[in-house]
Amino acid sequence: MRIGIVCYPTFGGSGVLATELGKALADKGHFVHFVTYREPVRLGGFNANIFYHEVRVPTYPLFDYPPYESALASTLVDVTLNNNLDLLHVHYAIPHASSAYLAQKILEKTEGRKIPFITTLHGTDITLVGKDKTYGPVVAFSINESDAITAVSENLREETLKTFSIEKPVHVIHNFVDVKRFQRKPIDAFRQVIAPGNEKILLHASNFRKIKRVEDVVRIFAEVRRALPAKLLMVGDGPERHMAETLCRETGYCDDIRFVGKQEQMEDILAISDLFILPSEYESFGLSALEAMAAGVPVISTDVGGLPEIVIQGETGFMGKVGDVEGMSGHAINILTNEPLLKEMSAKAKAQAKKFDIHQIVPQYEALYEKFI
Ligand code: GMT
């Protein structure tokens with residue numbers, strides 16, 4: 001098949017998932033065309049079946065807001081015609097689904113052919129941005145006009161149906177992880193730099209937006225640090241980073257916390273980590289938690305959104321209520337001070353991640369595509 005993929009090319013979960021899906025499809029012999037405003041961060045090396053088309057958005061003095069949505073729709077028309085695409089798969093409804101709809105209509109009118117488009121909902125496109133009245137009507141319309149709709153968890157499917165009046169089935173296709181990729185041996189020298197005294201290493205990775213509650217990560221770590229020697233690695237960047245760094249100074253544990261910014265080699269970082277912390281206000285899925293589990297790192301998280309669909313309470317980690325720093329840190333201390341428990345949870349986390357392995361999930365997308373070509 002010849003598939004056009006639209007996504008945000010950034011470190012966000014939706015972009016990561018879309019890129020990994022495209023790479024997996026290319027490995028299976030499909031031709032995959034990424035249409036994005038920048039090369040997706042996880043794209044990696046050359047693959048003869050992968051093509052990258054940059055959306056350029058020319059600016060003019062008149063444009064206070066350059067019309068990305070129109071530029072994307074026009075690029076989709078060109079890429080479809082030049083490469084005879086069979087379908088478009090857009091990740092994150094805003095503005096990708098409405099651009100795909102526009103491209104579909106243009107092609108219908110000018111070429112007399114209908115290119116199907118599939119929209120995968122990822123979370124904040126429904127729960128935050130989609131709910132915003134400024135975008136709501138366009139989001140609802142373009143989701144309904146999609147030839148097929150998928151959501152990355154049961155929870156997101158329910159949220160979507162609660163938020164919008166959707167006239168078509170919303171298929172749940174869970175996010176996936178390439179489990180093999182996360183079976184890295186820890187690099188001793190790296191661990192030594194982070195935890196020279198063989199301290200336990202806690203890890204958080206996100207886009208540091210409010211919804212991630214990074215202040216709770218720091219507070220949970222401070223409780224853990226009071227109980228045992230430990231280090232915290234903060235991966236990623238975003239609006240709440242400054243606040244989190246200030247809070248670190250207030251806890252007095254600044255020397256034990258490292259903000260390493262955006263990182264591509266998560267598998268190497270996870271390989272040296274003991275516990276992953278994700279105390280979000282909401283996660284439609286929590287791809288970073290699944291990647292941690294694939295690497296055998298148990299997860300301390302909140303029990304929100306799609307997280308209960310991947311984390312098994314008390315077995316692969318622990319889920320607490322939003323803001324329950326005491327509960328989550330108590331469980332973290334319990335796990336980190338009980339070596340047999342840590343080992344058992346690590347093994348169970350890995351086993352659970354295998355249920356979401358790339359080889360289980362990608363065929364579900366292929367089967368869906370087949371229905372439209
Ligand atoms: O979490 C974010 O803010 C990024 C966002 C994205 O679209 O990149 O993540 C969403 O999609 C991910 C991939 O499907 C999910 O794993 C995240 O849980 C989801 N984030 C939220 O629902 C807050």
Side-chain angles (χ1 to χ4, degrees), residues 5-22 24 34 36-38 40-42 89-97 118-132 135 139 143 149-160 162-163 170-178 204-214 216-217 234-241 262 264 266 276-294 299 301-311 319 322 353 356 358 361-362 364-365:
I5 292 186
V6 180
C7 65
Y8 284 103
T10 55
F11 282 92
S14 62
V16 168
L17 194 281
T19 311
E20 297 294 350
L21 173 62
F34 284 97
T36 56
Y37 59 79
R38 207 189 300 134
V41 287
R42 284 263 184 113
H89 186 176
V90 304
H91 293 258
Y92 209 90
I94 305 170
H96 302 157
I118 292 171
T119 300
T120 290
L121 307 171
H122 278 273
T124 43
D125 45 355
I126 297 298
T127 56
L128 284 185
V129 195
K131 271 185 183 156
D132 189 324
Y135 299 110
V139 175
I143 292 176
I149 310 156
T150 77
V152 299
S153 65
E154 288 291 347
N155 173 270
L156 183 59
R157 180 180 173 276
E158 282 159 27
E159 287 296 324
T160 305
K162 260 193 266 165
T163 311
V170 177
H171 307 274
V172 174
I173 301 185
H174 281 114
N175 281 339
F176 60 81
V177 63
D178 182 357
H204 171 76
S206 76
N207 52 22
F208 286 59
R209 293 194 199 283
K210 262 209 167 339
I211 203 165
K212 302 293 173 180
R213 295 185 68 98
V214 279
D216 285 0
V217 178
M234 298 286 272
V235 175
D237 213 327
E240 296 295 294
R241 177 170 172 174
K262 295 176 183 175
E264 280 179 39
M266 278 312 288
F276 189 77
I277 313 289
L278 192 66
S280 308
E281 187 93 35
Y282 178 77
E283 288 293 341
S284 67
F285 184 87
L287 187 60
S288 57
L290 180 63
E291 290 190 342
M293 287 162 66
V299 172
S301 75
T302 39
D303 60 357
V304 293
L307 282 165
E309 293 172 46
I310 49 173
V311 178
M319 291 176 290
V322 175
F356 299 87
I358 193 163
I361 308 288
V362 172
Q364 296 180 29
Y365 279 115

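Atoms within each ligand, like the ligands themselves, are counted from 1 in listed order.
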S.K.: Could you tell me if the ring centre of H122 sits under 6.0 Å from that of F285?
M.R.: no
S.K.: For F34, which residues count as a ring pair (Phe, Tyr, Trp, His ring centres under 6.0 Å) partner, sequence neighbours excluded?
M.R.: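 F34: no ring pair (Phe, Tyr, Trp, His ring centres under 6.0 Å) contacts found.
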S.K.: Using the ring pair (Phe, Tyr, Trp, His ring centres under 6.0 Å) criterion, which residues pair with H89? Sequence neighbours excluded.
M.R.: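 By the ring pair (Phe, Tyr, Trp, His ring centres under 6.0 Å) rule, H89 matches H91, Y365, Y369.
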S.K.: Mind checking what residues have non-hydrogen atoms under 4.0 angstrom from ligand 1?
M.R.: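 Answer by chain and number: G12, G13, S14, Y92, H122, G123, T124, V152, N175, N207, I211, K212, Y282, E283, S284, F285, G286, L287.
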S.K.: Which residues satisfy the side-chain hydrogen bond (donor to acceptor under 3.5 Å, both in side chains) test with N155, sequence neighbours excluded?
M.R.: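 If we apply the side-chain hydrogen bond (donor to acceptor under 3.5 Å, both in side chains) test to N155, skipping adjacent residues, the hits are Y282.
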S.K.: Rounded to the nearest 0.5 Å, what separates atom CZ in F11 from atom CG in N207?
M.R.: 11.5 Å
S.K.: Side chains of T150 and T120 only: does a donor on one sit below 3.5 Å from an acceptor on the other?
M.R.: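 There is such a pair (donor and acceptor under 3.5 Å, judged by atom type) between the side chains of T150 and T120.
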